[in-house]
Amino acid sequence: MIKSELVQKLADRNPHLYQRDVEAIVNAILEEIVSALCRGDRVELRGFGAFSVKNRPARTGRNPRTGESVSVAEKYVPFFKTGKEMRMRLNGGGE
């Protein structure tokens, strides 16, 4: 599912809201999640999952084509861990 499909489904389920308002709400939620992650905060949505940021330290990598060693800079990557309720629903009620 892409963002526009999500907006359309939410607008269909809430006919009292304009589609542009639903889109603004979805954009605001996603922007708040991104802002929190940029600050280094963790975002937890009970039953759904938690977004956090993990640090990948600098390391020496290898170019697979030439075999040459290359340095890979430190970076931060987003990480998502599913919530218990979502895992249970995906696995048919069992862990």
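Keep in mind that what you see is a predicted model, and the values were worked out from it rather than measured. The first residue in the sequence is number 1, and the count goes up from there.
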Acceptor/donor pairs from residues 26-39 side chains to any protein atom, 3.5 angstrom cut, sequence neighbours excluded:
residue: N27; atom: OD1; partner: K3; partner atom: NZ; Å: 2.8
residue: N27; atom: ND2; partner: E23; partner atom: O; Å: 3.3
residue: S35; atom: OG; partner: E31; partner atom: O; Å: 2.9
residue: R39; atom: NE; partner: D41; partner atom: OD2; Å: 3.2
residue: R39; atom: NH2; partner: D41; partner atom: OD2; Å: 3.4

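Atom CD of Q8 is separated from atom CD of Q19 by 4.5 Å, given to the nearest 0.5 angstrom. Between L17 atom CG and I25 atom CD1 the span is 5.5 Å, to the nearest 0.5 Å.
Note: the hydrophobic cluster containing M88 does not contain L45 (ILVMFWY, side chain heavy atoms under 4.5 Å, direct or indirect links). There is a path of hydrophobic side-chain contacts, each under 4.5 Å, that joins V43 to F80. By the criterion of side-chain heavy atoms lying less than 4.5 angstrom apart, applied directly or through intervening Ile, Leu, Val, Met, Phe, Trp or Tyr residues, L90 is grouped together with F48 in one hydrophobic cluster.
Heavy atoms of other residues, nucleotides or ligands lying less than 6.0 angstrom from CD of E85 number 12 at most.
At least one donor-acceptor pair closer than 3.5 Å links the side chain of N63 to the backbone N or O of R65. A donor-acceptor distance shorter than 3.5 angstrom exists from the side chain of N91 to the backbone of R87, with no hydrogens or angles considered. With hydrogens and angles disregarded, no donor-acceptor distance shorter than 3.5 Å links the side chain of R42 to the backbone of A50.
For E74, the side-chain hydrogen bond (donor to acceptor under 3.5 Å, both in side chains) partners are N55, not counting sequence neighbours.
Looking at every heavy atom in both residues, V72 comes nearest to G61 through CG2-N, 4.1 Å.
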